[in-house]
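The structure under discussion appears below in the form of structure tokens.
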Amino acid sequence: MKKDEVTTMLRSAVSNAAPDVLDNVLHACDHEKGKVIYMEKKKNRGFTAFAAVAAVFVLLIAGIFIAKNNGLGTSSNALAAVVSLDVNPSIELKVDKDEDVISATGLNADGKKVLEGMDLEDTDLDVAVNAIIGSMLKHGYINELQNSILLSVSGVDGYDANALETKLASEVNALLKNGAVLSQNVTDADDKLVKLADEYGITVGKAALINEIVKNSKTHTFEQLAGLTINELNLISENIKLGGIKSEGKASAKSYIGKDAALSAALKAAGLTKDQVKNIEIELDYEHGVMVYEVEFDRSFDEYEYDIDAKTGAIVAYDNEINGKEVKFESSTKNDDAASKSYIGKDAALSAALKAAGLTKDQVKNIEVKLDNENGIMVYEVEFDRGYDEYDYDINAKTGAVVAYDNEISGKDVKSDSSTKKDNDKVTSTKENVIGKAAAKSAALKHAGITEAQATQLRVELDRDDGKLVYDVEFKSAGYEYDYEIDAVKGTILQSDKELDD
């Protein structure tokens, strides 16, 4: 099978995917050698539009190995372009002039998880991008609540990055029929932008998007926005004209209460009804450390401005002028924007990691320190080596505490996670290293796009499913029932279900 045929077959399979073809897809892959991901068909699950594409991920992986095993990956050309894909996972692909992948790198923990088990070197770029998006869908990084992806291309030595950006954006748009795709050419990114990207541990593409938002906004700072997902950045940029950035589709706001509910909350706080006010304006934005609906309206000569928590409907702040007097309020329970300026810095994070390892800076090499968002907490990812020993620490960006570590010392893997708690369930008698109930709960809530405070009847149990340890997580929120199955060792989401609460 030729490489073009493989690419055509996979693209066709993805574009025509629907939930009722899952059995056929799985049957076709039963005897396929290589890395095939098993996906069990269960009762009517949520996110069907995205789940259908995720199911075809098995074909993408199989196709990559078919192409490679037939000697089609023989690229040895020099670097021609760099392609980055951002959702919250950040992945960088280096490609040659024939659009074959030279290397694929996960730039943060989520990016590494997406690439786990895939060898994309010498693979056609089209196939690699499709496989990466399939993996993002499978792991729940792209879903009906978070549907935005940023595609950035940088050309080397005059390579036509614009043509490649246009081509890839078209393919990704076709793949994610219910998604939102931002694309840009970052070939001319200056040293300042590259430095910002390195400082915050993000891609140059994401740094360019944030820079455009900040340039066109009086209220946002780069530091404030660096930890947000692409979907959140896409939502707050809807009313901003972004130079050099193309946009297709609409960012999902399904995890938020909606404009009508936000207006109702503001009117209730003001003691007014909708027919008593005029000049109503409502915009989704990021303020006070949370996503908010900015609600404004007038009544005669009185002016009202409210910031409503986009997920809970709580009043975050208001600034009203009533009878010529200004009345202000800001909730002290919310994270102020200034909080983002309180990070300890890379040097302090490195010192904390070295102290935990019992080493000094002159004893180690290959030091890397990056700022990242892990389960809603900003951390510094600190990595370094000493001889054949490898150290990897997550340091709380504000407190300097060790959140987690994964070290390989004398050939042995030593792990710890501050969220790991001892499970009292009888299943824990196994020697397998489970992530703990707190981490499983956090993974499910993050995927659902809600906070623990918004969830009711929350239940987490450790169980075995076909010999595999899993956490069953169930809860209710905003009229829906949620049911998750979490891999108890890896922390990945195996199944998810969202149904109306009858």
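What's counted below: heavy atoms across the whole structure, side chains too, no hydrogens, waters or symmetry copies. No experiment lies behind these values; they were computed from the predicted model shown.
By the ring pair (Phe, Tyr, Trp, His ring centres under 6.0 Å) test, F384 is found to be paired with Y391, residues two or more places apart in sequence or in another chain being considered. Take Y393 and apply the ring pair (Phe, Tyr, Trp, His ring centres under 6.0 Å) test, not counting sequence neighbours, and it matches Y405. By the side-chain hydrogen bond (donor to acceptor under 3.5 Å, both in side chains) test, S103 pairs with no residue at all, sequence neighbours left out. Partners of K246 under the salt bridge (Lys or Arg N to Asp or Glu O under 4.0 Å) rule, at least two apart in sequence or in another chain, are E165. Scored by the salt bridge (Lys or Arg N to Asp or Glu O under 4.0 Å) test, E474 finds R459 as partners (sequence neighbours excluded). Residues satisfying the salt bridge (Lys or Arg N to Asp or Glu O under 4.0 Å) test with K311, not counting sequence neighbours, are none. With sequence neighbours excluded, the residues satisfying side-chain contact (heavy atoms from CB on, under 4.5 Å) with E452 are K441, L445, L458. Contacts of F222 classified as ring pair (Phe, Tyr, Trp, His ring centres under 6.0 Å), with partners at least two apart in sequence or in another chain: Y200. In terms of the salt bridge (Lys or Arg N to Asp or Glu O under 4.0 Å) criterion, residue partners of E383 (sequence neighbours excluded) are, by chain and number, K112. Residues that satisfy the side-chain contact (heavy atoms from CB on, under 4.5 Å) test with K346, not counting sequence neighbours, are D198, V369, Y380. Annotation: side-chain hydrogen bond (donor to acceptor under 3.5 Å, both in side chains) contacts of T187 (sequence neighbours excluded): N185.
Around atom CG of D157, no more than 12 heavy atoms belonging to other residues, nucleotides or ligands sit under 6.0 Å away.
Between E99 and K167 a salt bridge is recorded (basic side-chain N to carboxylate O distance below 4.0 Å).
For the atom pair CG (L125) and CG (L164), the distance works out to 6.0 Å, reported to the nearest 0.5 Å. Rounding to the nearest 0.5 Å places CG of D406 at 9.5 Å from CG of D394. In this structure, H220 NE2 and L228 CG are separated by 8.5 Å, a value rounded to the nearest 0.5 Å. From E368, atom CD reaches atom CD of E381 across 10.0 Å, with rounding to the nearest 0.5 Å. Distance check, rounded to the nearest 0.5 Å: CD of E121 to CD1 of I102 gives 9.0 Å. For the atom pair OG (S255) and CD1 (I450), the distance works out to 10.0 Å, reported to the nearest 0.5 Å.
Annotation for I409 and D389: closest pair CA-OD1, 3.5 Å, computed over non-hydrogen atoms.
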Kindly determine whether S152 and Q184 satisfy side chain to side chain donor-acceptor pair (under 3.5 Å), including the steps that lead there. CA-CA 5 Å; S152 307; Q184 61 183 337; 3.0 Å; yes
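Side-chain contact of S252 with Q146: a donor-acceptor pair under 3.5 Å is absent, judged by distance alone. Between the side chains of T229 and N88, no donor-acceptor pair is found at a separation under 3.5 Å.
Listed by first and then second residue, the side-chain hydrogen bond (donor to acceptor under 3.5 Å, both in side chains) pairs involving residues 206-215 are E212-K215 (not counting sequence neighbours).
With hydrogens and angles disregarded, a donor-acceptor distance shorter than 3.5 Å links the side chain of N396 to the backbone of K398. Between the side chain of N147 and the backbone N or O of I142, no donor-acceptor pair lies under 3.5 Å. Between the side chain of S442 and the main chain of A439, no donor-acceptor pair closer than 3.5 Å is present. At least one donor-acceptor pair closer than 3.5 Å links the side chain of S237 to the backbone N or O of N234. Between the side chain of D309 and the backbone N or O of V316 there is no donor-acceptor pair closer than 3.5 Å. Between the side chain of T105 and the backbone N or O of L107, no donor-acceptor pair lies under 3.5 Å.
Aromatic rings of Y484 and H447 (six-membered ring for Trp) have centroids within the 6.0 Å cut-off, being under it.
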